[in-house]
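From a predicted model like this one, the values you see are computed outputs, not experimental measurements.
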Amino acid sequence: DRRHRIEPGGPREFHWVSYTSRAGACRENPNNAMVVELDGRPDDHVRLSLTAPAEMELEYSLAELAESSRVEFTGDFPCESFLVHRLVPSAMYAGGFKLDDSPGGEGEDFYYVRVTEANGHMAWASPIWVRE
C-alpha cells in the first residue's frame, strides 16, 4: 500500500497513487514526481484533484502552465506543498539523429547517444553493439 502507482481512469484521466509520508519513506525522503506528455491547445484545461493530505481541486489552462510553474499548498503554511512545473514544448525536449553504419568494418562496434542540454545537464543511452 506504500507503492506509487498509476491507475486507469476514464478516457481522458488517470489516477496517481503516491505515498509521501516522511515516516517509512525510502531514506526518509517522501518526494517524488511524475512527467506527463500532453497534446492540447493553450485554452485547454488540466484539472488536478487531491484526496490527501487535503481534499482540493485545481484547474489550469495550458496557457497558464506555459507561462510559469505553480506552487500549491494544501493548507496554511507550513503545510504540505507541491509543484506543477511549467510546460516544456516538445521542441525543447525532443531530438533525433541518424547513423550510417556502412559495411566494411570487422568485428564488433558499439554506439551510444549522449546529449548535452543548454543548461549543461547531460543524458545518454546505453550502448548498442553491432556485429559485422
Side-chain angles (χ1 to χ4, degrees):
D1 65 332
R2 291 188 179 183
R3 293 200 167 243
H4 307 301
R5 61 191 178 275
I6 299 171
E7 297 176 344
R12 297 175 53 138
E13 71 179 44
F14 63 89
H15 303 275
W16 179 29
V17 180
S18 175
Y19 182 80
T20 56
S21 171
R22 195 169 291 283
C26 177
R27 296 184 180 167
E28 301 299 309
N29 182 356
N31 298 315
N32 60 75
M34 174 185 286
V35 176
V36 179
E37 187 168 346
L38 303 171
D39 287 324
R41 298 178 311 271
D43 59 338
D44 288 339
H45 286 76
V46 174
R47 183 176 308 121
L48 302 175
S49 300
L50 275 68
T51 56
E55 286 194 26
M56 51 190 305
E57 194 152 313
L58 304 156
E59 188 169 322
Y60 311 99
S61 72
L62 296 186
E64 290 174 306
L65 292 177
E67 285 180 19
S68 65
S69 300
R70 299 288 194 260
V71 177
E72 302 290 355
F73 292 90
T74 59
D76 294 332
F77 188 81
C79 64
E80 290 90 347
S81 62
F82 61 94
L83 174 66
V84 179
H85 283 279
R86 180 180 61 86
L87 294 180
V88 178
S90 61
M92 294 181 70
Y93 69 79
F97 74 97
K98 198 172 195 177
L99 171 71
D100 180 12
D101 185 30
S102 299
E106 291 184 21
E108 187 174 88
D109 290 323
F110 70 92
Y111 302 96
Y112 71 98
V113 176
R114 181 175 61 196
V115 296
T116 304
E117 298 178 12
N119 63 7
H121 292 180
M122 297 180 75
W124 51 91
S126 298
I128 299 169
W129 276 265
V130 178
R131 254 192 209 132
E132 176 67 33

For W129 and E108 the tightest heavy-atom approach is CD1-OE1, 3.1 Å
CZ-CG distance between F82 and L50, expressed to the nearest 0.5 angstrom: 5.0 Å
Distance-minimising heavy-atom pair for F73 and C79: CB-SG, 3.9 Å
Same cluster for V36 and W16 if Ile/Leu/Val/Met/Phe/Trp/Tyr side chains link at under 4.5 Å? yes
Which atom pair, heavy atoms only, marks the closest approach of S61 to P42? CB-O, 3.8 Å
To the nearest 0.5 Å, tell me how far M56 CE sits from T51 OG1. 11.5 Å
Approximate separation, where rounding is to 0.5 Å, of R47 CZ and E57 CD: 5.5 Å
Count the heavy atoms of every other residue, nucleotide or ligand shown that sit under 6.0 Å from CE of M92, and state whether that count exceeds 12. no
With the 4.5 Å side-chain cut-off for hydrophobic clustering, are V130 and F110 part of the same group? no
Determine, using the 4.5 Å side-chain heavy-atom cutoff (strictly less than), whether L83 and V88 are members of one ILVMFWY cluster. no
Do V84 and L38 sit in one hydrophobic cluster, given that two such residues count as connected whenever their side-chain heavy atoms are within less than 4.5 Å of each other, even indirectly? yes
Pairwise distance CD(E64) to CZ(R70) - rounded to 0.5 angstrom: 5.5 Å
Between atom CG of L87 and atom CG of L65, what is the distance when rounded to the nearest 0.5 Å? 5.0 Å
Might you confirm whether atom CG of D39 has over 12 heavy atoms from other residues, nucleotides or ligands at distances under 6.0 Å? no
Under 6.0 Å from the CD atom of E59, do we count more than 12 heavy atoms belonging to anything else shown? yes
Qualifying side chain to side chain donor-acceptor pair (under 3.5 Å) pairs with a residue from residues 71-86, counting only residues at least two apart or across chains: Y60-E72
Quick one: closest heavy-atom pair of Y112 and P127, and the distance? CB-CA, 3.9 Å
